[in-house]
Amino acid sequence: MTQVLFSAIDHQMMSLAIHLAKQGIYTTSPNPNVGCVIVHDGNVVGKGAHLKAGEPHAEVHALRQAGELSEGSTAYVTLEPCSHYGRTPPCAEALIKAKIRRVVCAMQDPNPQVAGRGIQMLREAGIQVDVGLLEQDAWQLNPGFIKWMQTGMPFVQLKLAASVDGKTALSNGQSQWITGAKARQDVQHYRAKAGAILSTAKTVLDDNASLNVRWDDLPQSVQAIYDINHVRQPVRVILNRRGDLLKKPTNELKLFNTDGERLLVHPKQGSIYDMETKAASNKVVDTQVIEAELNDDQFDLPFLFKQLAKDQNINHIWVEAGATLAASLIKQDLVDELIIYIAPKLMGTDGRGLTQIMGLTSMKEAIDLDITDLRMVGADIRLTAKIVKK
């Protein structure tokens with residue numbers, strides 16, 4: 001296949017399209033973030049971004065802005081234009097009707113069942129289509145959507161916070177607060193991008209955690225773009241294996257007194273499980289119960305994640321939980337990215353460890369990390385890493 005030589009203008013315009021796509025990072029889930037720029041005779045005549053599932057796609061916004069100037073223009077799109085009818089008509093068809101001359105796509109649709117169909121539709125209409133410009137940048141816009149399309153599994157980020165000596169709590173269980181205010185604000189950004197926040201009943205009860213997005217903690221630049229009263233809250237998915245969560249009055253738990261949906265995960269019938277608790281949880285507003293398989297008296301996490309992706313359209317999960325769940329996720333190769341906040345504190349040898357990964361007998365068994373980003377967030381260090389496959 002002939003290698004496309006993209007011009008400096010091509011790079012500039014695709015960079016602008018990628019920048020536009022980021023406008024939807026808190027609002028488009030489970031749809032992808034997409035940006036589009038239309039250029040006529042070297043001038044930008046239309047710009048658009050997909051902002052919310054079910055609403056017009058980026059190409060439609062850009063074409064409306066460009067109007068008659070769309071004819072003979074070049075459209076720069078961060079993702080292959082869709083070719084199917086869903087809640088909105090296909091964008092490939094809209095580009096054809098607008099008589100666009102050339103389309104530059106950063107990447108193909110990641111869904112193997114439809115990848116290339118939009119491109120084929122455009123080419124069959126006589127439109128020049130070039131693919132692959134700033135592909136890696138475009139991929140980074142939608143890791144959840146891409147993984148979901150390719151594997152049926154969600155993209156999973158595991159958040160951990162520890163002292164310099166690797167402790168998450170004192171020996172008596174106290175942990176608030178290990179990190180500083182700026183690091184805790186930084187977490188809100190990650191929560192807001194996810195489709196779901198996953199935790200356990202133990203974490204909710206121990207910390208009286210709300211696990212919602214505190215929009216007031218996000219930067220003013222973000223608050224200026226979004227009407228926080230109309231932006232979605234991620235679904236809070238709570239593993240409630242023994243039914244402990246609703247043994248305490250719901251009016252005493254922040255989880256049940258803050259906006260947003262709740263999804264309580266209970267074992268399937270026949271397991272160790274309080275049926276009265278399940279009945280009670282079904283009566284709580286904005287709370288849904290799903291049943292998941294158990295494996296050795298623990299939730300079958302791969303099965304659960306597939307279930308969340310297939311039945312709940314959740315393609316991006318942000319995990320905040322204790323050492324036990326963290327270890328299970330890592331051992332089962334379910335973590336795509338680690339976000340670790342390291343606080344400038346020493347909490348003592350009797351403090352609680354970061355994960356309950358035990359039984360390693362040689363350095364060959366140690367879990368290696370590929371650190372992809374390292375920066376200061378206030379007084380704390382934020383480390384972003386991927387687990388190295390062996």
Side-chain angles (χ1 to χ4, degrees), residues 24-34 50-55 79 86-87 109-113 139-159 187-201 203-204 209-213 231-241 245 255-256 258-268 281-282 284 286-293 299-321 325-326 328-330 332-339:
I25 60 174
Y26 302 125
T27 55
T28 63
S29 180
N31 282 10
N33 300 301
V34 181
H50 182 44
L51 298 177
K52 193 173 183 180
E55 294 185 358
L79 182 67
R87 285 187 280 183
D109 188 318
N111 186 343
Q113 296 182 340
W139 186 95
Q140 291 174 0
L141 289 169
N142 299 296
F145 177 77
I146 292 169
K147 187 179 179 188
W148 183 33
M149 289 293 100
Q150 292 179 337
T151 69
M153 291 284 281
F155 179 80
V156 177
Q157 289 176 304
L158 173 60
K159 174 254 181 181
V187 168
Q188 301 306 310
H189 161 74
Y190 286 102
R191 286 182 177 183
K193 290 201 299 183
I197 299 169
L198 177 72
S199 192
T200 63
T203 295
V204 171
S210 61
L211 296 173
N212 66 342
V213 177
V231 176
R232 64 174 182 87
Q233 283 280 351
V235 179
R236 289 165 290 178
V237 180
I238 311 300
L239 306 182
N240 194 31
R241 182 168 56 92
L245 191 58
L255 178 77
F256 295 103
T258 47
D259 292 337
E261 296 179 50
R262 291 161 289 268
L263 199 160
L264 306 187
V265 183
H266 288 174
K268 286 195 171 181
S281 61
N282 275 316
V284 181
D286 288 331
T287 301
Q288 178 186 355
V289 176
I290 66 168
E291 295 182 339
E293 299 282 354
F299 281 116
D300 184 333
L301 294 173
F303 179 89
L304 172 63
F305 284 5
K306 284 184 180 179
Q307 190 177 355
L308 292 174
K310 180 181 178 182
D311 299 338
Q312 305 293 328
N313 289 333
I314 293 171
N315 61 40
H316 182 174
I317 297 175
W318 172 258
V319 182
E320 293 188 32
L325 179 58
S328 295
L329 291 169
I330 292 170
Q332 295 181 63
D333 195 22
L334 294 173
V335 177
D336 294 288
E337 191 170 64
L338 285 160
I339 308 293

Query raised in the report: Side-chain donor-acceptor pair under 3.5 Å between R236 and T258, yes or no?
Result: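 Side chains of R236 and T258: pair found under 3.5 Å.
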**Report entry** Flag for Q157-H316: side-chain donor and acceptor within less than 3.5 Å
**Finding:**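 Judged by distance alone, the side chains do pair up.
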Identify each donor-acceptor pair in which a side-chain atom of residues 299-308 lies under 3.5 Å from a protein atom, sequence neighbours left out, and give them as a table.
{"residue": "D300", "atom": "OD1", "partner": "F303", "partner atom": "N", "Å": "3.2"}
{"residue": "Q307", "atom": "NE2", "partner": "E291", "partner atom": "O", "Å": "3.0"}

Could you check if a side-chain atom of [X] sits within less than 4.5 angstrom of a side-chain atom of [Y], using non-hydrogen atoms only?
X	Y	result
I146	W139	yes
L245	L264	yes
P234	W318	no

[X]: what forms a side-chain contact (heavy atoms from CB on, under 4.5 Å) with it, not counting sequence neighbours?
X	answer
S29	R232
A209	D207, L211
Q140	Q136

What is the distance from atom [atom1] of [X] to atom [atom2] of [Y], rounded to the nearest 0.5 Å?
X	Y	atom1	atom2	answer
T28	H50	OG1	NE2	5.5 Å
Q233	E261	CD	CD	10.5 Å
L158	E337	CG	CD	10.5 Å
E55	N31	CD	CG	10.5 Å
I25	L141	CD1	CG	9.0 Å
K159	I339	NZ	CD1	11.0 Å

Please answer whether the main-chain N or O of [Y] pairs with a side-chain N or O of [X] as donor and acceptor at a distance below 3.5 Å.
X	Y	value
R262	I238	no
S199	E320	yes
T200	L239	no

Could you pull out the closest heavy-atom pair between [X] and [Y], with the gap in Å?
X	Y	value
F155	G144	CB-CA, 3.5 Å
V237	A196	CG2-CB, 3.9 Å
L79	P110	CD1-CD, 3.9 Å
A321	T203	CA-OG1, 3.7 Å

Query raised in the report: Ion pair present between K268 and E293, side-chain N to carboxylate O less than 4.0 angstrom?
Result: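 The answer is yes: the pair qualifies as a salt bridge.
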Query raised in the report: Do you know which of L329, L198, V235 makes side-chain contact (heavy atoms from CB on, under 4.5 Å) with I317?
Result: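 Option passing the side-chain contact (heavy atoms from CB on, under 4.5 Å) with I317: L198.
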Requested in this report: Could you tell me which residues satisfy salt bridge (charged side-chain N to carboxylate O under 4.0 Å, His left out) with D311, sequence neighbours excluded, listed by chain and number?
Outcome: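 Testing D311 for salt bridge (charged side-chain N to carboxylate O under 4.0 Å, His left out), a comparison that skips the adjacent residues, returns none.
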Query - Pairs where residues 142-153 contributes a residue and the test side-chain hydrogen bond (donor to acceptor under 3.5 Å, both in side chains) is met, not counting sequence neighbours - result: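 Matches after skipping sequence neighbours: N33-N142, K147-D336.
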